[in-house]
Amino acid sequence: MSHDLFLAAKAAMAKAYAPYSKFPVGAALRTGDGRVFAGANIEVASYPEGWCAETTALGHYVMAGGGKITEIAVVAERMARCTPCGGCRQRLAEFTQPETRLYLCDETGVVETVTMGEMLPYGFRGDMLK
Ligand code: THU
């Protein structure tokens, strides 16, 4: 992957609103046609109402028209290789393929590359509803 996706995730992390956990997270995804959408976690005083960086990025992506997602980067200020939570794995799986690459980062760049299939094996998918 190119370093720019990590940089987009890191720049998004700087915009995190995480006054309660003090655990800023940034996520960025790239589409097949080269667009990049990024997001940060946004917390709320009623804690369960906050949401994750991955979810913010997906919101930007959907509102811009969606498309094929080719790669995703996640970075957290206080943790190397922060992996998406269970809910975000399910949300990311909605718009990706099992082979879509997910880059786990530290503050300097990519530390580990995994696939969505590895992140969410045996996941529930929309085609099961047909
Ligand atoms: N968080 C994310 O934004 N993404 C992750 O992948 C893991 C956790 C956020 C949620 C909450 O604002 C904070 O990190 C601590 O759980």
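Note that ligands are numbered from 1 as they come in the structure, with each ligand's atoms numbered from 1 the same way.
- Applying the 6.0 Å contact sphere to CE of Met128 captures more than 12 heavy atoms from other residues, nucleotides or ligands.
- Ile72 has its side chain out of reach of Pro84: every pair of non-hydrogen atoms, C-beta onward, lies at least 4.5 Å apart.
- Shown in contact with Val25 at under 4.0 Å from a heavy atom are these atoms of ligand 1, numbered in order with element: 1 (N), 2 (C), 3 (O), 4 (N), 9 (C), 14 (O).
- Here the CZ atom belonging to Arg89 is positioned 8.5 Å from the CG atom belonging to Leu102, to the nearest 0.5 angstrom.
- Of all protein heavy atoms, the one closest to atom 7 (C) of ligand 1 is Cys82 SG, 3.9 Å.
- Separating the CH2 atom in Trp51 from the SG atom in Cys85 is a distance of 14.0 Å, to the nearest 0.5 Å.
- Near Ser21, with a cut-off below 4.0 Å to any heavy atom, the atoms of ligand 1 are 13 (C), 15 (C).
- Of the protein's heavy atoms, Glu54 OE2, 3.4 Å lies nearest to atom 5 (C) of ligand 1.
- Within 4.0 Å of atom 12 (O) of ligand 1, at least one protein heavy atom is present.
- In the vicinity of Thr83, heavy-atom distances shorter than 4.0 Å reach the ligand 1 atoms 6 (O).
- Considering only non-hydrogen protein atoms, atom 3 (O) of ligand 1 sits nearest to Ala53 N, 2.8 Å.
- The two atoms that bring Met116 and Gln97 nearest to each other are CB-O, 3.5 Å, heavy atoms only.
- Heavy-atom separations between Pro84 and ligand 1 include at least one value shorter than 4.0 Å.
- With values rounded to the nearest 0.5 angstrom, Glu71 atom CD is found 10.0 Å from Thr31 atom OG1.
- Nearest protein heavy-atom neighbour of atom 9 (C) of ligand 1: Asn41 ND2, 3.5 Å.
- Distance check, rounded to the nearest 0.5 Å: CZ of Arg35 to CD1 of Ile69 gives 9.5 Å.
- Near Cys52, the atoms of ligand 1 lying under 4.0 angstrom from a non-hydrogen atom of the residue are 1 (N), 2 (C), 3 (O), 4 (N), 10 (C).
- Proximity of Ile42 to ligand 1, defined as any heavy-atom pair under 4.0 Å, is not found for any part of the residue.
- Counting only distance, with no hydrogens or angles, the side chain of Glu43 and the backbone of Ser21 share a donor-acceptor pair below 3.5 Å.
- Checked against a 3.5 angstrom limit, the closest N/O atoms of Glu43 and ligand 1 fall inside it.
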